[in-house]
Structure formats: structure tokens, C-alpha cells
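In this text, all values refer to a predicted model and were calculated from it rather than measured experimentally. Numbered from 1 within each chain, the chains take letters A, B, ... in sequence-line order.
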Amino acid sequence: MDFRPTTEQQALRDSVRRFVAERYGFDAYRAIAARTPAFDPAIWRALAQNGWLAAMLPEKLGGVGASAIELAILAEELGRGLLLEPFLPSGVMAARALLSHIHEAGTQHLLQSLGSGEKIIVLAHGETGSAWAPEAVSTRAIATPDGGYAISGHKSVVLGAPNADTFLVSARTAGSALSPHGIALFAIDAASPGLWMQSGKLVDGRAFADLTLTNVAVRREQVIGRPGEALIPLGDALAHGIVALGAESVGIMDRALLMTRDYLRTRRQFGAPLASFQALQHALADVLVDVEMCRSMLHFALKALGSEDGAGALAELSAAKSYICTAAKRATAKCLQLHGGIGMTEEYAIGHLYRRAVANETLLGSAREYQARYMDLIRHRIGAQSKPGVAGAQPGKHS
Amino acid sequence: MHFETDHRLKGFRHEVRAFLHESLPPDLARRGARGYMSSRADTLRWQRILYDKGWGAPQWPAADGGTGWSAMQQVVFEEECAFAGAPVRNIQAISTLGPIINAFGTPEQKSRFIPPILRGEVFWCQGFSEPEAGSDLASLKTRADRDGDTYVVNGQKIWTSLAHWADWVFLLVRTGTAARKQAGLSLLLVDMKTPGITIRPIISIDGCHHLNQTFYDGVAVPVANRIGPEDGAWDVTKHLLGNERVFGSADLPMLKRYLFLIKRTAQLCVNVRGTTLVDDELFMARLAELEMEVLAIEMFIFRLIGTGEKSSGRGWVNGSVLKIRAAEVHQKLGELLLETLGDHAAVFRPDPEGEYVPETEPPGPAYGAGWAADFFYRRAKSIAGGTSEIQRNIIAKELLSG
């Protein structure tokens, strides 16, 4: 393990930070947040021009083959800036889902459009009550005589939907609602007949929609990969989504910490700076502890993602999702508290950071849901260890 | 930046495990696994065995008698020793005094004091805190007044761990009269057999005798036993705030051991409905939360020891971060472990090899014998070595002045 960033990684971090400082300061962010949907095409173009939408794509498709580590750097810095544009559902999750089928011409074309910023493509997978489990798909794709499908169902809280040109929709060609087999991915044009969007904003300003699909017709060419085998690409997309969300949360917490430090140093009451009061010093210290432990949990997630495939990584990543999102809410809440009255205002960034942390905890499944998944992993391992003859390192064999 | 583990570590782990299998005497392992304190005899015997292997002080620089292992190898070594039930070593000697002598001692002092430490011939205790100088250590009052080439020590120390087993003590004493309290301190190495030293036991709430008060009445100490410059000990002791020490105090192997024991025992605790704690959602939820904390702590430790103090982001405060969080997790895991004993969780089970032994074995599962004692002693994790409140002061000071 090596925790030092390479020069390229440091340069990436510096350039995204510079971008945010120049183009996405608090006032710029508020102006975009005031729009419906919260989206600035100039920002999206800039993300594309900087190569950040395409980062994980191979060079031949306009990317640099970035790893999850670079993704985490990107996500942290953009998250620190409270980026409202749909980087997560598009540049991260749709890109990963498509990358699994990169050998197909149709997919390559989509990836190029995604990376160049020409088309906004977002992944629409989560459904009501599914907590984004990869295998939880009730949306059905009924085969039609012409070799295509008619897709019907609902997709819940699709980030970036109001600006999307194309949706990558998961739907079932076979199997029952939780079966790992029989799931397929479809590239569906946003203007397709039968596709209805109910749009809204999250509490942090990000645009989303719930989708209702009623017999949306898709041609054979719009199927991504082999029908029935989309579980693994969906799992990979989710795994990277979790890492990106976790990284973003660390960025948000860290910015909140530093803002609060600055506030405590300058704000005076009772003839002294707030920073001189020990109770507030200790509260700030607790936030720093949370930030650093979450950064280490992010490292754990990157390690798990790098060393395991599919379901194994997702089970481990459940710990990261649950832990980081919970801590981010706690830490940003504490930072808001330390700001006193102005923490409650729209005009001050600290409340925005808190709202983002609150919303993030609900995305891709709640912290509680992921804690339950991690509990399942523990139970599974306990069960495996208590079977006779199972090999494996067991500490404390003498007791 | 990458997170792949070095594959050579696997081979190293097997090497350590094989050594432990061969060289850790079963009676030591048995006692070590029970969860009570390691005895003086066990500690010194194990130290000798390690020394004979060339592993007497693995974390010291190779030039000082260390092994030259990487940080990750140190972690693996500590883990394997803990899992095998190896005795706890004389931490005051190996982790605290040894590095100080190596860094600040004269060649004569090094050749006199280091080999017996490595060979497990001398047991050391540490005399720093006083009744009026705990968190405010620099206000300590024990004096050492110079008389020719002897210091005469008068004062007292408290919380002196294992003084009742120690051959020698290293004392932080006041030699100067400077107004700034940190500016008049010296470090003296004192033979516990020197006339004038009295030891009074302090029984702690775990029912065990680790701690003591030690009293020094006209104790004569050769000036040659002073480590580092006179009045210069504060800088010497700051050397102790290094990350290796915090890593040791975080005791990651113990955290992992808790998780292992909890999961194993949770299956054994059957209630009247025929279910176990593994079926209990609330219990499993707490276990999951704590395991997640351990995962984060482990990666934090890797970052801390892997990159070195100043380059690991927030530099000096990382030790404090770790100490605060690890202490909490130790305490909560100890608590969860105790819960798995069910009805008999609060039964007093003294160390069968300790100073008080009941006539009959108390009722309740014997496999958790030391767990209640361990649970109570864990309260010290957030107190000893700099309280969690002091750690927060350190973090805040660094953050607010930066």
C-alpha cells in the first residue's frame, strides 16, 4: 500500500480544485441551484473539456483509463464544491455500466458521446424500496415480435433525469423480482413515447425525477450487452457510485471542518474568539476525527474495490457507504451547530453542506440498508467459519 | 497511490506463525489467551525467546538492534503474536525507554542498559505522573538535587504500572528552578533496590494489581544514570509522541481479537426462544458498526505508519485522532464481548494466578474468564497516555493555529 499521491494524481486534485475555485464558488453554485433543473451547460462542457466525464474511459474513447483512485479524487473535489450537475449518475455510474460492454460498437458510440459531453446519459436502476440492490428489478422488458422489447415499470429518484438525453434503464427479461438472472440494460432516449418523468429537486438542489415507463418500445440495438446478464455491470456501477459518493462526502466534511475552523477563529462573543472556548474546540476536534476516519474508510473502499470482483466488493463496500454517510451527517450537523444562528441561513454555505450530506445518505440506498447488508456479510462469514473443515486464518486458536 | 498488499507479507506471516508455533511455550500461550495480565516471569521469558531469534525489539532501527522490518511487517508480527496468545512485552522498556536511550543516551549508557532490555533480564517501570501532575505532567514536583556526581531524589509518583515487578524505573524529575515548568526536567534511570524507594499497591477496578504509588525519600542516583541533558528531558519525552507509540496503544490486534471472540461466543449464547445473539438484529447492528470502525482504524494505522508523521496529511494530530477513536472502540468492543456471556456477564472472576484466588470456581462460562476484568481496565484506554480530552485539545490547537 502506498498512500502518497503520484504527481499526476496531485495534479488532478489541484486542477479540479482550481476549477471549483474559479467556476464553482459559492455564488456561482447558488446561481445554478436557483435554476430548475439545476444545471449549467457551460459547466458540463467544461467537465467534458477537462476530460473528467471521460476519465475512466480508455484513451481510444477519449479517456485516460483512470482508476477508482482518480475517480475518488475527482469526486471529492467536485463534491467539495457542491457540484449540482449529474457527474455521479453519468460520468461515474452510466460510464461504468457501459464500460462492461466496451467491445460492442453501439456501446463505444454511447461512451464517446458521454465522455465528450455531447449526450448526457444517466443510469436509471433504483426502484421504490429496492435500495439500489443490483438484483432488485421489477421493471419488465417484454419481448416484441420485431426482436425488440416493450419496457414498463418505475424508476425511483433518478439523479440528473431532467437533463438526460439518454437513460440506461435496467429491466427484467426473465425471472422474479429479486432474481440475479434475467436483468438487462437498455439505452432509452429521454423523448421516447411512453416514458414519463415526474421531476423535482433534492433538498440540496440536485435535479432528479421518478420515471414511469409504459410500453416504451426499444429496438434490439438499444440493448446493452446480452439480455439477462446485466447484474455484474450494475454491481460494478454501484460499487463505483459508492466510492464516488463516499469521496464526495469526505470532501464535504473536510470543507465543513475548515469553514468551521475559520468561523470559530473570527467570531467573537463574551470578549473572546469562539475558538478559545474548550467545548467548541472539542466539538471541532471530534469533527476532524470523523473526517480522518472517513478518509481511511474511503481508502478501505478503494482497497476492497481493487482486490475483489462483483458481489464480494459490494458486500465490503456496504461498510464504507454506511459508515461514511452516517459520519458525514453527524459531522456537518456539528459544524452547523458551531456556527450558531447563521448556520441556519441559506446565505451561509455550512447549511448547504449539511443538506448535501443528508441527501447523500439517502442516495443508492440508506446507511441503515447498507449496515444491514454488512450484517449479512458478517453472518455469512460466521456461518462459513462454523462449518467443520473450513480452512482459513483464525486468530486466537489457543482459546 | 495504491492499495494492493505486498504478497511477500503472506510468506512473512507464515514465517512468524511458524516461529510462534515452534517457540511460544504452550503454558505462556494458554495464559496469554485468557485475557488477564501477563506475569513478570512470562514477559521476561518471552522477551528472551524473541531475543534469541533476533526479534527482541522489531520496531527499533536495525542499527539499534531492531529487525529492519517494514511498517506492515511490524503490524503482521504484532497481530500474529497477539493471536497466538504471546505475552504482552515490557512496553515501558521496549517502546518507551529503549528508543529514548538509543536516541539520547551516551555509548556507555547504551551498552549498559540496552542489552539487558533486549535479553529480557531487566523489568522496567515508568515514573512520570504524580498525584498533582497527571494531564499537567510538566507541573511535576519530584525533585532531584545534585550533590557532586549524585542526584538525590525526593518525591512520589503515581500510576506506576508494574512497579512491584520492576528492577529499574525511569523517572521524570525536576532538576532545575526555571519559571517555565517544562524547562527544568531530567530523566533518571533508577535501580528499584536503591534505599529510600517504597511501593504502595493500587488495586484497580478490574480487581487486579497493575498500578502503584512509588515514594522516593533521599534516593541517591548516579549522574551517569541521567539520559540526555540536565533540564532537557521535556524535549526528550516529546520524542515519545511518535506514531509508533500510538500505533502500539491503539492495539489493533486486540480490536480484531475482540471481533473474533464476539462472533464465536455470540453463537454460544442461546436464549429461551432457542435463538442466539447472531439472530439478534440489535446485537448484530452494534457488532457491524464496531467492525466498520475497526476497518477504518486499520486503514488509518496503515496510513499513519506507512507514510510517516509529517507526510500523512494532518501530521502531528494523527496520533491524537487514533488515540481518541481507538479508545472508544476498545471500550465498546469490550462491552459487547462481555454481553455475550449472558446472565453471568457481571460475575467477578479474578485472575486464577493473581493475588486473590477464591476457594471455589464461580459459576458461569469459564471461556470468558478474563473478560470482565478486561472490560473494566479498558476505561483506562481513554485516560492513560494522554486523556481523550487532552487529545482533543491537541487537535484543536493544531487546527486552530494552522
Side-chain angles (χ1 to χ4, degrees), chain A residues 1-6 9 67 69 73 257-258 261 264-265 273 275 278 280-286 288-300 302-307 316 319-320 322-323 326 368 371-372 374-375 377-379 381-383 385-386 393-399, chain B residues 1-6 26 29-30 32-35 72 79 82-85 253 256-257 260-261 263-264 266-267 278 281 284-285 287-289 291-293 295-300 302-303 306-307 311-314 317-318 320-321 324-325 367 389 391-397 399-400 402:
Chain A
M1 266 176 270
D2 190 337
F3 292 87
R4 297 162 301 182
T6 62
Q9 286 164 348
S67 73
I69 294 172
I73 292 171
L257 170 71
L258 296 175
R261 173 202 63 186
L264 292 182
R265 289 204 278 215
Q278 194 184 50
L280 308 187
Q281 290 170 4
H282 282 202
L284 192 70
D286 283 340
L288 188 150
V289 173
D290 261 339
V291 174
E292 291 304 316
M293 296 308 300
C294 282
R295 184 172 295 285
S296 286
M297 190 47 113
L298 178 63
H299 292 158
F300 169 78
L302 288 168
K303 178 169 179 286
L305 187 56
S307 63
E316 301 270 3
S322 176
Y323 185 94
T326 301
R368 182 192 36 75
Q371 184 174 347
Y374 197 71
M375 282 157 62
L377 177 62
I378 295 177
R379 279 197 188 97
R381 285 174 173 164
I382 289 176
Q385 270 172 14
S386 49
Q394 288 193 32
K397 56 187 185 292
H398 290 285
S399 50
Chain B
M1 183 180 286
H2 72 86
F3 298 98
E4 291 142 45
T5 41
D6 189 341
R30 198 178 3 96
R34 277 173 329 138
M72 286 306 300
E79 216 170 76
F83 292 164
K256 291 187 174 180
R257 187 163 163 71
F260 169 75
L261 289 172
K263 288 170 195 172
R264 201 180 58 174
Q267 302 173 68
V278 180
E281 293 294 301
M284 291 301 289
L287 176 59
E289 269 170 29
E291 180 158 312
M292 293 187 230
E293 292 286 359
L295 293 173
I297 286 172
E298 183 172 45
M299 287 305 291
F300 188 88
F302 292 160
R303 177 159 55 119
T307 52
S311 56
S312 55
R314 294 203 146 109
V317 302
N318 281 338
S320 296
V321 169
I324 291 171
R325 188 55 65 92
Y367 53 73
E389 286 68 28
Q391 304 301 339
R392 287 184 174 92
N393 283 359
I394 291 169
I395 291 173
K397 183 167 174 218
L399 187 60
L400 289 163

Practice item. Let me know if A:Leu298 has heavy atoms under 4.5 Å from chain B in its side chain, its backbone, both or neither. Key: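 Contact with chain B involves no heavy atom of A:Leu298 at all.
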Chain B: which of [options] shares the most heavy-atom pairs with it under 4.5 Å?
{"options": "A:Leu305, A:Leu302, A:Thr6, A:Leu377", "result": "A:Leu302"}
{"options": "A:Met297, A:Glu316, A:Met293", "result": "A:Met293"}
{"options": "A:Gln281, A:Arg379, A:Gln278, A:Arg368", "result": "A:Arg379"}

Taking all non-hydrogen atoms of both residues into account, name the closest pair between [X] and [Y] and its distance.
{"X": "B:Met299", "Y": "A:Ser296", "result": "CB-O, 3.4 Å"}
{"X": "B:Arg392", "Y": "A:His282", "result": "CB-CD2, 3.6 Å"}
{"X": "B:Ala288", "Y": "A:Gln371", "result": "CB-CG, 4.3 Å"}
{"X": "B:Met292", "Y": "A:Ser322", "result": "CE-OG, 3.8 Å"}
{"X": "B:Ala396", "Y": "A:Ala285", "result": "N-CB, 4.5 Å"}

Practice item. Look at the side chain of A:Arg265 and the backbone N and O of B:Leu400, then say whether any donor-acceptor pair between them is shorter than 3.5 Å. Key: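 Side chain of A:Arg265 to backbone of B:Leu400, a donor-acceptor pair under 3.5 Å: yes, one is there.
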Review point. Top residue by heavy-atom pair count (under 4.5 Å) with chain A, among B:Met72, B:Glu293, B:Arg325?
Key: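 Highest number of pairs under 4.5 Å: B:Arg325.
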Point-to-point distance, once rounded to the nearest 0.5 Å, from [atom1] of [X] to [atom2] of [Y]:
{"X": "A:Arg4", "Y": "B:His2", "atom1": "CZ", "atom2": "NE2", "answer": "8.5 Å"}
{"X": "B:Met1", "Y": "A:His299", "atom1": "CE", "atom2": "NE2", "answer": "4.5 Å"}
{"X": "A:Leu288", "Y": "B:Leu399", "atom1": "CG", "atom2": "CG", "answer": "5.5 Å"}
{"X": "B:Phe302", "Y": "A:Asp2", "atom1": "CZ", "atom2": "CG", "answer": "14.0 Å"}

Check your understanding: Quick one: are B:Arg303 and A:Arg295 in side-chain contact, heavy atoms under 4.5 Å?
Key ->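 Yes; the side chains approach each other to less than 4.5 Å.
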Chain A heavy atoms under 4.5 Å from [X]: which part of the residue, side chain, backbone, both or neither?
{"X": "B:Glu389", "result": "both"}
{"X": "B:Gln391", "result": "neither"}
{"X": "B:Glu298", "result": "neither"}
{"X": "B:Ile394", "result": "neither"}

Check your understanding: Do the side-chain N and O atoms of B:Glu289 and A:Tyr323 include a donor-acceptor pair separated by under 3.5 angstrom?
Key ->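 Note: B:Glu289 and A:Tyr323 side chains miss the donor-acceptor criterion.
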Exercise for review: Would you check, one step at a time, whether the test side-chain contact (heavy atoms from CB on, under 4.5 Å) holds for B:Phe3 with A:Phe300?
Suggested key: CA-CA 8 Å; B:Phe3 298 98; A:Phe300 169 78; over 6 Å; no
Exercise for review: Run the numbers on B:Leu295 and A:Tyr374 for side-chain contact (heavy atoms from CB on, under 4.5 Å), then give the verdict.
Suggested key: CA-CA 12 Å; B:Leu295 293 173; A:Tyr374 197 71; 3.3 Å; yes
Practice item. For the pair A:Glu292 and B:Val321, evaluate side-chain contact (heavy atoms from CB on, under 4.5 Å) and give the outcome as yes or no after the intermediate values. Key: CA-CA 8 Å; A:Glu292 291 304 316; B:Val321 169; 4.1 Å; yes
Review point. Could you walk me through whether A:Ile382 and B:Arg264 pass the side-chain contact (heavy atoms from CB on, under 4.5 Å) check?
Key: CA-CA 8 Å; A:Ile382 289 176; B:Arg264 201 180 58 174; over 6 Å; no
